[in-house]
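Comments concern the structure below.
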Amino acid sequence: FSPSVLGTREHWDAAYERELQTFQDIGDTGEIWFGEESMVRIIRWLEKHKVPLDSSVLDIGTGNGVLLVELAKSGYMNLTGIDYSPSAIQLAEKVREKEGMSNIKLKVEDFLAPSAELSGFDICIDKGTFDAISLDPSDAAGKRKLYVASLGRVLKPEGFFLITSCNWTKEELLNEFREGFEILEELPTPKFCFGGRIGNSVTALVFQRK
């Protein structure tokens, strides 16, 4: 795939400024990346594997923070969301306030240059952020490497990384995260049929940090 404005900070700042204004006008929380089912899939996996409710969870590129709200409703208590767009964090704060979820921590952070306090997480979740980084017009390959290095810093050894992507196949993601991570599971996602071949429009994988 080729570089795109979807890989630029300017695009996301403008998008979340619009969503913030819409939320203030009509209370609409905005787009849920990969839809409701992607959040259900993540929460089901955590519940199935009896991940303790006090586990520290980081949502990388949290956007409107709706995934964190759903995790909080499912009983998870130690939740942090980061986004490099200040407008996204403002929106997530308003959504958190509306839902009465005061225990969700939100910070403006660039995951490619994380602050020292961003460390020791049991679970990291990515829905579309690695996809966006991969579309960056300036040195996407270098930024993907930075992402993997940052993940290794913020996630505890043996911690879990759940990634949902529409740009990468399972095999490609295994290659991207081969250093320091091992695949645990591929999660079921919707399938489509085109020209007699069946494929997945979305890939969802669970890795464990070595």
Going by the rule ring-ring contact (aromatic ring centres under 6.0 Å, His included), which residues pair with Tyr76 if we only count those two or more places apart in sequence or in a different chain?
none
Residues that Phe181 engages under ring-ring contact (aromatic ring centres under 6.0 Å, His included), provided they are two or more places apart:
none
Heavy-atom side-chain proximity of [X] to [Y] below 4.5 angstrom:
X	Y	result
Leu173	Phe130	yes
Leu162	Cys124	no
Ile82	Asp59	no
Leu151	Phe207	no
Arg153	Leu118	no

If you measure from [atom1] on [X] to [atom2] on [Y], what distance do you get to the nearest 0.5 Å?
X	Y	atom1	atom2	value
Ile163	Asp126	CD1	CG	4.5 Å
Ile133	Leu146	CD1	CG	9.0 Å
Leu67	Ile43	CG	CD1	6.5 Å
Leu135	Asn167	CG	CG	5.0 Å

Would you say Ser134 and Trp168 are linked by a side-chain donor-acceptor pair, where the criterion is simply a distance under 3.5 Å?
yes
Do Asp136 and Ser138 pair up side chain to side chain, a donor and an acceptor below 3.5 Å, judged on atom types alone?
yes
With sequence neighbours excluded, residues passing side chain to side chain donor-acceptor pair (under 3.5 Å) with [X]:
X	result
Asn175	Arg178
Thr169	Glu172
Lys156	Asp122
Asp83	none

For residues 45-54, tabulate all N or O donor-acceptor pairs below 3.5 Å that involve a side-chain atom, not counting sequence neighbours.
residue, atom, partner, partner atom, Å
Trp45, NE1, His49, NE2, 3.0
Trp45, NE1, Glu185, OE1, 2.8
His49, NE2, Glu185, OE1, 3.2

With sequence neighbours left out, the residues meeting side-chain contact (heavy atoms from CB on, under 4.5 Å) with Arg44 are Val40
Going by an N to O cut-off under 4.0 Å, is there a salt bridge joining Arg209 and Glu158?
no
Cationic N near anionic O, under 4.0 Å, Glu186 to Lys170:
yes
Under the rule for salt bridge (charged side-chain N to carboxylate O under 4.0 Å, His left out), what residues qualify as partners of Asp139, not counting sequence neighbours?
none
N/O donor-acceptor pairs under 3.5 Å from side chains in residues 101-111, not counting sequence neighbours:
residue, atom, partner, partner atom, Å
Asn103, ND2, Met77, O, 3.4
Lys105, NZ, Asn78, OD1, 3.4
Glu109, OE1, Ser115, N, 3.1
Glu109, OE1, Ser115, OG, 3.4
Glu109, OE2, Ser115, OG, 2.3
Asp110, OD1, Leu112, N, 3.0
Asp110, OD2, Arg9, NH2, 3.1

